[in-house]
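As a basis for the values below, the full set of heavy atoms in this structure was taken, side chains included, without hydrogen atoms, waters or symmetry mates. Just so it is clear: chains get the letters A, B, ... in the order the sequence lines come, proteins before strands, and each one is counted from 1.
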There are 2 protein chains.
Amino acid sequence: MTKPHVHRVTRAEVAKEAGTSVAVVSYVINNGPRPVAQATRERVLAAIKKTGYRPNGIARALASGTTRTYGLVVPNIANPFISSMAHALQQEAFADGRVLLLGDSGDDRARELELINNLLHRQVDGLIYTSVDRHPYIDLIQASGTPCVMLDRVEPELNVCSIQVNEQHAARRATRHLIEHGYRDIAIICGPQEMLNTQDRISGWRLALEEAGLAVRPEWIFSTDYTRQGGYDATKQMLAGELPRALFATNEQQAFGCLRALSEHGLSAPKDLALVCFNGTLESAFNVPSLTTVRQPVTQMAKKAVEMLKKWDGQPHKYEFDFELEIGGSCGCRSLTTSRKSQVT
Amino acid sequence: MTKPHVHRVTRAEVAKEAGTSVAVVSYVINNGPRPVAQATRERVLAAIKKTGYRPNGIARALASGTTRTYGLVVPNIANPFISSMAHALQQEAFADGRVLLLGDSGDDRARELELINNLLHRQVDGLIYTSVDRHPYIDLIQASGTPCVMLDRVEPELNVCSIQVNEQHAARRATRHLIEHGYRDIAIICGPQEMLNTQDRISGWRLALEEAGLAVRPEWIFSTDYTRQGGYDATKQMLAGELPRALFATNEQQAFGCLRALSEHGLSAPKDLALVCFNGTLESAFNVPSLTTVRQPVTQMAKKAVEMLKKWDGQPHKYEFDFELEIGGSCGCRSLTTSRKSQVT
DNA sequence: ATGAAAGCGCTAACAT
DNA sequence: ATGTTAGCGCTTTCAT
């Protein structure tokens, strides 16, 4: 019952000032649910202005049962792909009068659990969730009855809503692009093996190789963290063995780590190693060389995610979005085509 | 009074189940403010487990007057420097049991106002604020009595708390580093002229030049957005005139835009243009070439920001942090020293 | 069209 | 050590 803030004007004072009941003040503020006579409305508005009244969102949330808040749970907001998604989600949510509670788990599964519990206690109206793990805390969320949209793939048998691109297809498409360049020795730097998205991306890579009749060499699967350092370390390791001619890095950060490691050995892309990556952002487009990358339609996905939370019906809808293979210079295309429009102008 | 969620267990049910009063349930949950007999405590805990009770954070916030939430207002969460700061802030805040409400204004001043109003209505316990503009909405925040820490410099006469590095010093130091390399023709790519941080960074640059007896050429001040595209455009413009030998880019994104533009003209750093930038992140360390950059102690600053909100006393404390000039390859140092430890291992 | 009042689920002061 | 209850500031139903 401690009130840390300065005195706050309440609805009662406004009502007194306007000479009405508190209910009418609510009707004016909320534009409903009942009509208010024009004269009364004006008196109320004047009283609001005069008193400097500001509705208390917490009290409103308690009474109305909606916090007008979504929770966003992500592994790490410092990942540019994720922060670009967060940006789009916030824009979208705010257009609907809602704000995002940021839950950044710092790539830590225990922390992720704490955050989800915390956000659920806060009665968020919905959760937008990317787990650090292949076993997201779905039960917990469903038990609370909170609408939830997953932003990655989950075990098919889980009855959850999800939004994603088909990552296996995308990985296959990216790898196939390298094959079309004529490369036959194609390695992959991927995330932790147990994660579903890692598995999808590996299997897409494998599929493309098999379709082209190329050998799948297990020693050319470099599993590491989805970080720059991970890509760097994996590449160092790769450089210690027989060097492939091309590489599929399963996220943008790994690709950057890879380029750095290459450069420390006097190597570069696409000259010594052709490179494509997954989930590129503006960074890929501006990098030198620009990165050929699988692009997810972040803005559209954000729109859909918010829409799904708004229209929540408890059914486990799954939406799949088309990805785009954005051609940059890292795969060697730039030396093949001379007249390509620049990415960045 | 709509309850969108499934039935939620309340404290009353727990009390009934445990055969105690509701107050005791609170005391158990909150570990106070009054002691509870061990036996009772255990009965309550058992009842909580059995019923699946979860405290309602909103009701708690209304009754206690604290939402255990901070608002974070930033120009754009997709900016890597900002998202790394957001990451650190969230970690720090959560250690204190609080969560961040993300207010991403999308570089739009009107949106920023809406967001601040929204967050204030939500009764956030504090605000961490970086404005898109030189005139932040301080009055509004102060009128609400909400603790607030600014993360950039504000007009000195404003009585607000702020945390920052001395940007003029940092800019001067960065520029001086270029001068120490022997470069005499040093340009600057900066942000919008009216912003205080732009002015600080320009004046630091200017000061360093003057101290070295070098000419300050107004045509070598390229004002643009703090974005990759901005850096790109400014560099294109620069390339149309007489090319300087060195450049100070006033944020990391501009630096990347610059490198891209250079590359499209067959030029590169540090060979054709030595480059240092402001507010580098891990991206600078991993880029090829790695970027020489002013680094802010993001983690410490986040710690301090949260601490200031916790210990709020209404006084306009200002904290200045030491920056670090992180040496990379973009300024030419790499060719001078051969034995430098790698940045990224 | 408006007023009165019953919650929303909790905290904590006031009882015992 | 524990029970009872008055708020917290709002939404909305039930009256009028």
Side-chain angles (χ1 to χ4, degrees), chain A residues 1-16 18-44 47-48 51-68 120-123 125 144-145, chain B residues 1-44 47-48 51-68 120-123 125 144:
Chain A
M1 209 146 276
T2 348
K3 294 263 58 185
H5 291 351
V6 294
H7 171 71
R8 302 194 66 78
V9 180
T10 74
R11 212 184 30 151
E13 294 172 52
V14 175
K16 190 163 143 203
T20 71
S21 74
V22 290
V24 170
V25 177
S26 282
Y27 301 149
V28 170
I29 291 166
N30 303 333
N31 248 317
R34 294 202 313 210
V36 175
Q38 190 54 33
T40 319
R41 157 170 272 111
E42 275 158 19
R43 261 187 299 131
V44 170
I48 288 174
T51 56
Y53 168 72
R54 304 184 163 281
N56 180 322
I58 295 299
R60 179 180 289 193
L62 182 59
S64 69
T66 162
T67 55
R68 302 205 70 74
L120 291 179
H121 287 176
R122 288 168 189 276
Q123 315 293 115
D125 296 337
S144 76
Chain B
M1 207 146 275
T2 346
K3 293 264 62 187
H5 291 352
V6 294
H7 170 71
R8 302 194 64 79
V9 181
T10 74
R11 212 184 31 152
E13 294 172 52
V14 175
K16 191 164 141 203
E17 176 71 31
T20 71
S21 74
V22 292
V24 170
V25 177
S26 281
Y27 301 148
V28 170
I29 291 167
N30 302 334
N31 248 319
R34 295 201 312 208
V36 176
Q38 189 55 31
T40 317
R41 157 170 273 111
E42 275 157 19
R43 260 187 299 132
V44 170
I48 288 174
T51 55
Y53 168 73
R54 305 183 162 279
N56 180 322
I58 295 299
R60 180 181 290 195
L62 182 58
S64 68
T66 162
T67 55
R68 302 205 70 74
L120 291 179
H121 287 177
R122 289 167 188 275
Q123 316 292 117
D125 296 336
S144 77

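- No side-chain donor-acceptor contact under 3.5 Å links B/Arg68 to the backbone of B/Gly57.
- Computed from coordinates, the B/Gln123 CD to D/dC10 C1' distance equals 11 Å when rounded to whole Å.
- The nearest whole Å value for the distance from the CG atom in A/Asn56 to the C1' atom in C/dC10 is 14 Å.
- Minimum atom distance to the side chain of B/Ala63 is reached by D/dG7, of the listed D/dG7, D/dG9, C/dT2.
- In this entry the distance linking CD1 of B/Ile29 with C1' of C/dA12 reads 14 Å, nearest Å.
- Considering every non-hydrogen atom in both B/Ile58 and A/Ala61, the closest pair reads CG2-CB, 3.8 Å.
- In this entry the distance linking NZ of B/Lys16 with C1' of D/dG3 reads 17 Å, nearest Å.
- The CG-P distance, from B/Leu62 to D/dC10, rounds to 9 Å in whole Å.
- Listed for the B/Arg122 side chain is a donor-acceptor partner under 3.5 Å among the backbone atoms of A/Thr67.
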Restricting to nitrogen or oxygen on both sides, can you table the protein-nucleotides 14-16 of chain D pairs closer than 3.5 Å?
from	atom 1	to	atom 2	distance (Å)
D/dC14	N4	A/Arg34	NH1	2.2

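- Between A/Asn30 atom CG and D/dG9 atom C1' the separation is 13 Å, expressed in whole Å.
- Between B/Ala47 and B/Val14, the shortest heavy-atom contact is CB-O, 3.7 Å.
- Atom-to-atom, NE2 of B/His121 to C1' of D/dG9 comes out at 14 Å; the value is rounded to the nearest Å.
- Here the closest non-hydrogen pair linking B/Val36 and B/Tyr27 is CG2-CB, 3.5 Å.
- Atom CD of B/Glu13 is separated from atom P of C/dG9 by 9 Å (rounded to the nearest Å).
- Residue B/Ala37 has its side chain nearest to D/dA1 when only D/dC10, D/dA1, C/dT2 are considered.
- For B/Ala23, the listed nucleotide lying nearest its side chain is C/dA13; candidates were C/dA13, C/dT2, D/dC10.
- Minimum interatomic distance between A/Val22 and A/Ala12 (heavy atoms only, all atoms of both residues): CG1-CA, 3.8 Å.
- Looking at the side chain of A/Pro35, the nearest of the listed nucleotides C/dG3, D/dC10, C/dA1 is C/dA1.
- If B/Tyr53 and A/Arg43 are placed on DNA chain C by their nearest nucleotide, the residue sitting closer to the 5' end is A/Arg43.
- The side chain of B/Thr40 places an N or O atom within less than 4.0 Å of a non-bridging phosphate oxygen (OP1 or OP2) of D/dT2.
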Would you sort out whether B/Glu17 and B/Val9 count as a side chain to side chain contact (heavy atoms under 4.5 Å, CB included), showing the intermediate values? CA-CA 11 Å; B/Glu17 176 71 31; B/Val9 181; over 6 Å; no

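- The residue B/Val22 sits close to a base: some heavy atom pair falls under 4.0 Å.
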